[in-house]
Amino acid sequence: MTNRQAATRDSVHQLFDAVDAISVQGYDEERRVVYWNVGSELLYGYTKEEAIGRKLEELIIPGSMREEIIAAHKEWVDKGVEIPASEIILRDKNDRDVNVFSSHVMFFDASGECEMYCIDIDLADVKKAKAQATLRENLLKAVFSATPDLFFLMSEEGVVINFHAGDSKKLYAMPNNIIGNNLSDLLPDKIKETLSVNTKKAIDYGDVVSFEYDLEFPSGVSYFEARISHLKDNKQILIIVRDITEQHNSAELIRKQAYFDALTSLPNRFLCLDRLSQMIRDMERNSEKFAVLFLDIDDFKKVNDSLGHEVGDKLLIEAANRLNQAVRKSDTVGRLGGDEFIILLRSLTDYAETVTVVENLLKIFREPFGIDGRELVLTISIGIAVYPDNGVSANDLLRNADTAMYQAKASGRNTHSFFTKDMNDMVLRRLEVEDQLHGALERNEFEVFYQPKFDLKNKSIIGAEALLRWHSPKLGNVGPDEFIPIAEHTGLIVPIGKYVVAQSIKFLVEWERVSQRNYTMAVNLSPRQFRDEELIGFVKNSLDSAGVSPERLEFEITEGVLMIGKSYVDDALHRLHDLGVQLSMDDFGTGYSSLSYLRQYSFDILKIDRSFINGITYKSEDRSLVTATIAMAHSLGLCVVAEGVETREQLDLLEELGCDIAQGFYLSKPVRPGELIDFQYTKDQ
Ligand code: C2E
Ligand code: CA
Ligand code: CA
């Protein structure tokens, strides 16, 4: 490592040693900890002594993310592909989640060695503003405590008596022209003034006075810090000047990484939230209105997937430029991540004014984007929340603008939508459901219903699908379409899902015992459950202890799970398959249905979504799709289930088309366990 590099690192360390509001960690090429500040100790629970020498992935990276992080780090070290700043959930010493905004900087030195620095800001911490302030304060402290490079001894009038320069290249004047001259005469005009003011201060207050300035050298701009002391007894002035160009640049780099989006250079989520909070404080005082705009590019994912990330990145940069040009200087345009942007519109007089700005934003997107010789047309959807009408906290405003954006998407995209009372009710209802969902399992509010599945050839029941029901004493019956997504979002689906598995297996045993026949039990699995490392073990244990053989349990999985494209999903699916349980692709036809998924993941069953079954008797497209799906599934050796069968005609047609299994209200609604057992008896007799 060269000295120059060592100096950079020292100053980086100094800069963060005393910062406890931000965690800064340094890692060598092998991802071993080489630096660990107090903030890291506070955030992650490991002391410096515990952390140094250990590997990043052993300390704070959750198991499921390890491979990905190691690979990303390697890409950076080997190919210079930066790890972008992002919001991420890490782990502390006690295995608790830590939600941080994490930015990264890599220092490479001449010999090719490098160190990565992670700057993690605790998002749970409301002291974000404090962190920012401390960062600035420590920046200064670090600069002040640094070793000076140039010394000037002068009379109280400023005439140089002696000087010392470790490196004469740092001198602005010719070395032989310094002694005997007034220092301020040797410097450019803009610094003269500062120098004399500060010198006077040092003499008047008897304190060390320091200031920073920059000088233009043929090689570029250098930054300096001067500290002035009055040597009263000698009637002399001592000025110590230090070159702080490197600190300046690395601090600038770190500041940029922490607060600005690397791709578009726009303020990032963290800085936007900070500005939003600041705006709220300003407006509170002036009782003014302002608007928070949440923008999302329509169908960006499609562009990205079909034309590649490079084109996607160029589009985002161009979109950022256009947005920036369309607003006033006092407004903020930021990037929240992905294709989501935010705009803060200051001091509005009325709603009409917002509409004008918003329509203009929609308009500037009408002009096609010229990327790599291609003309692409992009549109955006905009959600608007107005302070204070739609919220008085940063979180509420952002959430409500987001909700309004979804409304804009739902009403056809390329449009805007204000947050309304209905949306407010929706958000409140969601919060209420979420609130009641906590502890619902412990309070025994769930019940599993079963909907039988019929074999179309033998005309007999061959199994059932377990469907969860929730009777909340406060909210009444809440449908799974409403509470499952919330349980999913909060992670509550993990214990709830286990409950469904356990109940279903228990009932299967009972059902088979009473009817003396074999059935298969289908259970729905949500995306979030795949991240649960205990899932496979739990399923295996439940089957083993109930003495049920695995192929009699079936998991219904929607394509959405496969679209996540994460390795843990692949892993869990393969392990479930190896366990011997059956895999069923649910809601087939609704997503980006693709044959490759079916082949890749060894599915056994394909469930055609009920929206297609609904139309088969009167819509030729639906009938064609169902016919084609059955043929295709059979050619892949899959069993086909039609769900949502509501009429005799549908049932007959499905039979004719060669569908294997049917399920739906026409045959039976989902029923309580006892009812299903009785149902079986009457049907068979
Ligand atoms: P799904 O997996 O598509 O389940 C089938 C849904 O269709 C059930 O709604 C069922 O009651 C309904 N259904 C059955 N036959 C007919 C019919 O003939 N016509 C019509 N219109 N509907 C019919 P349900 O019980 O409200 O469940 C809704 C969704 O909630 C399920 O959709 C599933 O995605 C989810 N869900 C339910 N229970 C669970 C669970 O235990 N775990 C997970 N992860 N998701 C569940
Ligand atoms: Ca299902
Ligand atoms: Ca379905």
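Start at 1 and go down the list; that is how both ligands and their atoms are numbered.
Residue His489 qualifies as open at atom NE2: its count of foreign heavy atoms under 6.0 Å is 12 or below.
Ligand 1 lies nowhere less than 4.0 angstrom from a heavy atom belonging to Lys607. Judged by the shortest distance from any of its heavy atoms, Gly497 lies outside the 4.0 Å radius around the atoms of ligand 1. Ligand 1 lies less than 4.0 angstrom from a heavy atom belonging to Glu465.
For a threshold of 3.5 Å applied to N or O pairs, the pair formed by Asn524 and ligand 1 contains at least one separation below that value. Backbone and side-chain nitrogen or oxygen atoms of Ala466 are examined, and none is located within less than 3.5 angstrom of a nitrogen or oxygen of ligand 1. Polar contact check, Pro480 against ligand 1: no nitrogen or oxygen pair lies under 3.5 Å apart. Between Tyr666 and ligand 1, not a single N/O pair is under 3.5 Å apart. Not a single N or O atom of Gln663, backbone or side chain, sits closer than 3.5 Å to an N or O atom of ligand 1.
Of all N/O/S atoms in Glu465, OE2 sits nearest the Ca ion (ligand 2). Note on Glu556: its N/O/S atom closest to the Ca ion (ligand 2) is OE1. Among the heteroatoms counted here (N, O or S) of Asp586, OD2 is the one nearest to the Ca ion (ligand 2).
Each of the following atoms of ligand 1 lies closer than 4.0 Å to a heavy atom of Gln451: 14 (C), 15 (N).
Checking Glu646, Gln650, Glu643, Arg610 against atom 6 (C) of ligand 1, the nearest heavy atom belongs to Arg610.
Neither the backbone nor the side chain of Glu488 has any atom closer than 4.0 Å to an atom of ligand 1 (non-hydrogen atoms only).
With salt bridges taken as basic N to acidic carboxylate O contacts below 4.0 Å, one links Glu643 and Lys607.
Here Asn524 meets the criterion, with an N, O or S atom under 3.0 Å of the Ca ion (ligand 2).
Taking all atoms of both residues into account, the shortest heavy-atom contact from Ser504 to Met521 is CB-CG, 3.6 Å.
Between the side chains of Thr558 and Asp586, no donor N or O sits under 3.5 Å from an acceptor N or O.
Taking the ring centre of Tyr406 as origin, the terminal cationic atom of Lys409 falls outside the region bounded by 6.0 Å and 45° from the ring axis.
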